[in-house]
Amino acid sequence: MYNKNLIDLESMNAEQIDKLVKRAKKIMQNPADFRHACDGKILATLFYEPSTRTQMSFQTAMLRLGGRTIGFDNPMNSSVAKGENLKDTISVISGYADIIAIRHPVEGTAMAASLYSDIPVINCGDGGHLHPTQTLTDIVTLSCEKGRLDNLKIGVCGDLLNGRTVHSLIKALVKYKNNSFTLISTPELGVPLYIIDILEKNNCKYTVSHNLADAISDLDVLYMTRIQRERFKSEEEYLEQKDVFVLDKKKLENARDDMIILHPLPRVNEITVDIDDDPRAMYFKQAQYGMYGRMALILLLLQDEDFVLKSREVIVSEHRCKNPKCVTQYENYLPNHSYEKLGMQMCDFCDKRID
Ligand code: CP
């Protein structure tokens, strides 16, 4: 089964990712050629959670392609404030626009939205779950700045538990040959077990480290992330984790000259600002690459009939997902969609085990 929704980068194969990267580079080289590529098209940006880069890069992407945008960045200014459910909001907006970009604090919301949309839905982040277009941003950046997507030693550092960008990045890069990961975090904020499963299933080498200064020396890429304050149960728990890993000039002395530093941003204080002028600091350029990647994605979803994404085979389970962060806990009309993985029933919305 195939569709036009980008919910999880798993649905894109390596050829499709390569096609998107090539298209992004073509747009970068000749932006004028694409100025009217989406004339008459409308992008709806539905942001139920704060954003600077993802929202505005999607908006500028559509504007630079000649299209227009509608949407909200505060659901309390929409009829969500009156109690409108996701299904009704999406059903209505899919009759107004040509493509939807949605961010929501609840896991699985983009997948849920896609069930009620007649137009492509792009997941711009669903709680601590996934953020596939950030990964496309990262991939375009790696391709442009390192010249390859394979044979990379990648260090990911910070909040690896809640950092959805890290989960999406690992899931994408295990598809390429000979990539290895150093997972740098406190024991409390390590990657979820399902990410370890993915690394192991793909025979991808990884090591776990609790020391950034030691781990940095052999990396091609250091991917820093912020500690996600909004995902902690209490301020005390957040304060225990805050500032454990800070990249500063001293630690950077141990890094190779050709290592690049990425960060999905926003930065809080996990990279000191005096590093911004270091030629290895790539995070602001990365944000700009993201705009080109999103232009390429919009074009491929709207205009390339062959660019269809793979769907999972879904069944209706008798059990409801018990993950308190899953959209099925909030939108009670949603079906108990699940899929089978290694003999287990997984929730189709949040990817957690339900049986
Ligand atoms: N990287 C990223 O998702 O940034 P925003 O939260 O500002 O969109």
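Just so you know, ligand 1 is whichever comes first in the structure, and atom 1 is the first atom listed for that ligand. In this text the structure is predicted, and so the values were computed from the model without any measurement.
Using cut-offs of 30° and 60° on the angle between ring planes, the pair Y48 and F72 is perpendicular.
Nearest protein heavy-atom contact of atom 6 (O) of ligand 1 is R103 NH1, 2.9 Å. Of the protein's heavy atoms, P264 O, 2.7 Å lies nearest to atom 1 (N) of ligand 1.
Side-chain contact, Y289 with D138: no donor N or O sits under 3.5 Å from an acceptor N or O.
The distance from the CZ atom of R229 to the OH atom of Y238 is 5.0 Å, given to the nearest 0.5 Å.
Of the polar atoms of R53, at least one N or O is found under 3.5 Å from an N or O of ligand 1, judged by distance alone.
When all heavy atoms of I27 and Y292 are compared, the pair lying nearest together is CG2-CD2, 3.9 Å.
Those atoms of ligand 1 that come under 4.0 Å of a heavy atom in Q134, given as number and element, are 1 (N), 2 (C). Numbered from 1 in the order shown, with element, the atoms of ligand 1 that lie under 4.0 Å from a heavy atom of T52 read 5 (P), 7 (O), 8 (O).
With a heavy-atom cut-off of 4.0 Å, T165 does not touch ligand 1 at all.
Residue contacts with ligand 1 leave out M56, since none of its heavy atoms falls under 4.0 Å from the ligand.
Here the side chains of L334 and R320 are in contact, with some heavy-atom distance below 4.5 Å.
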